[in-house]
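The structure appears right after this line, and notes come after that.
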There are 2 protein chains.
Amino acid sequence: MIGDIMNSAKKTSDSLDKDEDKLPVGESLGQDPVFDSLRKRGHRITAQRETILQIFREQPHGEHLSAEELHAKLLERGSNVSLATAYRTLKLLSSLGLLRELDFAEGHKHYELKQDTLPHQHIICTGCNLTLEFEDHFLEEAGQKIGSRYNFEVIDAQFKIFGLCPNCKLKRR
Amino acid sequence: MIGDIMNSAKKTSDSLDKDEDKLPVGESLGQDPVFDSLRKRGHRITAQRETILQIFREQPHGEHLSAEELHAKLLERGSNVSLATAYRTLKLLSSLGLLRELDFAEGHKHYELKQDTLPHQHIICTGCNLTLEFEDHFLEEAGQKIGSRYNFEVIDAQFKIFGLCPNCKLKRR
DNA sequence: ATTTATGCAAAGTTTTTGCAGGTTG
DNA sequence: CAACCTGCAAAAACTTTGCATAAAT
């Protein structure tokens, strides 16, 4: 049988939030686990990285951002971070396992904050790109077990189902 | 517990095969299921498509090709198919569910022939891009069940594990 | 015949990089 | 102040497209 699938599917869409304050560098960054991970490997905490992280934290759970979308949000809030830096930061945070890098099939990647507490997987319509999410900690567990079988240190386990949504099933002749 | 994982992992690499004969158009294409799928939707059987399909069929199970790699193999065997056609064909065959479109994380897609009999999933090292495969029909089944729960017609279920291979685990300080 | 596919070259996207100047620890 | 980061603009990598010609049904 299948692991427990919490029926928490919802549509993926962009949320247009107002701009919010960005902290000045170094404000009460006491024990932030993300920043700790950065420091631990000799990376630095910059204003740009703080703002980017903040944006990801403000994203509703399950939303993901492309590099362009992140950049747009940065500009929206008056933070003049360059697109190049957005790309560099996304790559860095992903390599540290702090962001999750998602590939659907539209030619660019999406990123979301990694939160071990809320694994979630995707089911994608190849007809209209509708993306639903579902959660199944059984799958997460399977990833860990398979990884350790091959002596891998697992960073992320992704289960993706491609298919046709009810609508596109009909339209398809 | 986990479904049966057949320990059939192997490295992904390029096999340099010699060029082989390509059939002239229309030779004994009797009931080829791939060509049937094409015809059924009004697409045509061209020499280019035949050669491309043949290349995928000659690939050892588990190997995947990028558009560039496919194109290289086409040239190797003297088939002057343009890169544009390679891209167009890959897209077409994938949309028909005949090829499986794989995204690892290196900026381009890979494709492999879809064979329902031999599902396989990937575990990818984010340090060195080493890719191992494993099979687990339990996961395949899970994909079907989850898909039908959302009323999707499932085309493909992919389970991908990202992590650090034993080597990169060490090198990483 | 009619419709679909191909090749070419040009254009479009997405991502990376070199380098000079700025910032962090 | 040494090492690291950023912005900018240019380049690279990857993919799509317009159009005239060629091929398939």
Side-chain angles (χ1 to χ4, degrees), chain A residues 22-27 29-30 32 35-53 64-72 74-75 78-96 99 101-111, chain B residues 22-27 29 32 35-53 64-72 74-75 78-96 99 101-111 129:
Chain A
K22 65 167 183 268
L23 335 162
V25 178
E27 177 177 314
L29 309 168
D32 187 299
F35 292 142
D36 286 351
S37 292
L38 283 172
R39 291 201 195 86
K40 198 183 314 177
R41 301 275 182 74
H43 301 292
R44 295 174 176 178
I45 313 300
T46 65
Q48 290 88 335
R49 288 175 183 170
E50 286 185 60
T51 310
I52 288 173
L53 180 60
H64 8 84
L65 298 175
S66 67
E68 288 282 4
E69 286 164 345
L70 169 61
H71 188 229
L74 284 163
L75 299 184
S79 183
N80 268 11
V81 177
S82 70
L83 184 56
T85 293
Y87 272 108
R88 283 190 276 234
T89 304
L90 290 171
K91 192 176 225 187
L92 174 64
L93 296 182
S94 301
S95 78
L96 296 177
L99 288 182
E101 195 177 77
L102 302 165
D103 277 296
F104 302 114
E106 339 88 319
H108 60 266
K109 290 169 188 149
H110 283 235
Y111 298 82
Chain B
K22 65 165 182 269
L23 336 162
V25 178
E27 176 177 317
L29 307 169
D32 187 299
F35 293 141
D36 287 350
S37 291
L38 282 172
R39 291 201 194 85
K40 197 182 315 175
R41 301 275 182 75
H43 301 293
R44 294 171 178 182
I45 313 300
T46 65
Q48 290 89 334
R49 288 175 182 170
E50 286 186 59
T51 310
I52 288 173
L53 180 59
H64 8 84
L65 298 174
S66 66
E68 289 282 3
E69 287 164 345
L70 169 61
H71 188 231
L74 284 162
L75 298 185
S79 183
N80 268 11
V81 178
S82 70
L83 183 56
T85 293
Y87 272 108
R88 282 189 276 232
T89 305
L90 290 171
K91 193 176 224 186
L92 174 65
L93 297 181
S94 300
S95 77
L96 297 177
L99 288 182
E101 195 176 76
L102 302 165
D103 277 296
F104 301 115
E106 340 86 321
H108 61 267
K109 291 168 187 150
H110 283 236
Y111 298 82
N129 277 320

Are any of [X]'s side-chain N or O atoms less than 4.0 Å away from OP1 or OP2 of [N]?
{"X": "A:Arg49", "N": "D:dC5", "result": "yes"}
{"X": "B:Thr85", "N": "C:dG7", "result": "yes"}
{"X": "A:Lys91", "N": "C:dT16", "result": "yes"}

Which whole-number value in Å describes the distance from [X] [atom1] to [N] [atom2]?
{"X": "B:His71", "N": "D:dA13", "atom1": "NE2", "atom2": "C1'", "result": "16 Å"}
{"X": "B:Asn80", "N": "C:dA9", "atom1": "CG", "atom2": "C1'", "result": "16 Å"}
{"X": "A:Glu68", "N": "C:dT16", "atom1": "CD", "atom2": "C1'", "result": "14 Å"}
{"X": "B:Leu92", "N": "D:dT16", "atom1": "CG", "atom2": "P", "result": "13 Å"}
{"X": "A:Phe35", "N": "C:dG25", "atom1": "CZ", "atom2": "C1'", "result": "15 Å"}
{"X": "B:Glu69", "N": "D:dT15", "atom1": "CD", "atom2": "P", "result": "11 Å"}
{"X": "B:Lys109", "N": "D:dA13", "atom1": "NZ", "atom2": "P", "result": "18 Å"}
{"X": "A:Arg39", "N": "D:dC5", "atom1": "CZ", "atom2": "C1'", "result": "16 Å"}

Nearest to side-chain heavy atoms of [X], which nucleotide of [options]:
{"X": "B:Thr46", "options": "C:dT15, D:dC8, D:dA24", "value": "D:dA24"}
{"X": "B:Ser82", "options": "C:dT24, C:dC8, D:dT15", "value": "C:dC8"}
{"X": "B:Ala67", "options": "D:dT15, D:dA3, C:dT4", "value": "D:dT15"}
{"X": "A:Arg88", "options": "D:dC5, D:dG7, C:dA5", "value": "D:dG7"}

Taking all non-hydrogen atoms of both residues, which atom of A:Gly107 and which atom of B:Lys109 are closest, and how far apart?
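A:Gly107 and B:Lys109 have their closest heavy atoms at N-NZ, 4.2 Å.
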Are side-chain heavy atoms of A:Thr85 and A:Leu74 found at a separation under 4.5 Å?
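Contact flag for A:Thr85/A:Leu74 side chains = no.
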Answer whether the closest heavy-atom distance between the side chains of B:Leu90 and B:Glu101 falls below 4.5 Å.
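Of all side-chain heavy-atom pairs linking B:Glu101 with B:Leu90, none is under 4.5 Å.
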Aromatic ring proximity B:Phe104/B:His64, centre distance under 6.0 Å
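That pair passes the under 6.0 Å test.
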Could you please spell out the steps behind the side chain to side chain contact (heavy atoms under 4.5 Å, CB included) verdict for A:Gln48 and A:Thr89?
CA-CA 9 Å; A:Gln48 290 88 335; A:Thr89 304; 5.7 Å; no
Which part of the nucleic acid does A:Gln48 contact within heavy-atom distance under 4.0 Å: base, sugar-phosphate only, or nothing?
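A:Gln48: backbone/sugar contact only, no base atoms under 4.0 Å.
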Hey, which of these two, B:Tyr87 or B:His43, hits DNA chain D nearer its 5' end, going by closest nucleotide?
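Residue closer to the 5' terminus by nearest nucleotide: B:Tyr87.
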Donor-acceptor pair under 3.5 Å: do we get one between B:Arg44's side chain and the base of C:dT3?
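Check passes, donor-acceptor contact within cut-off.
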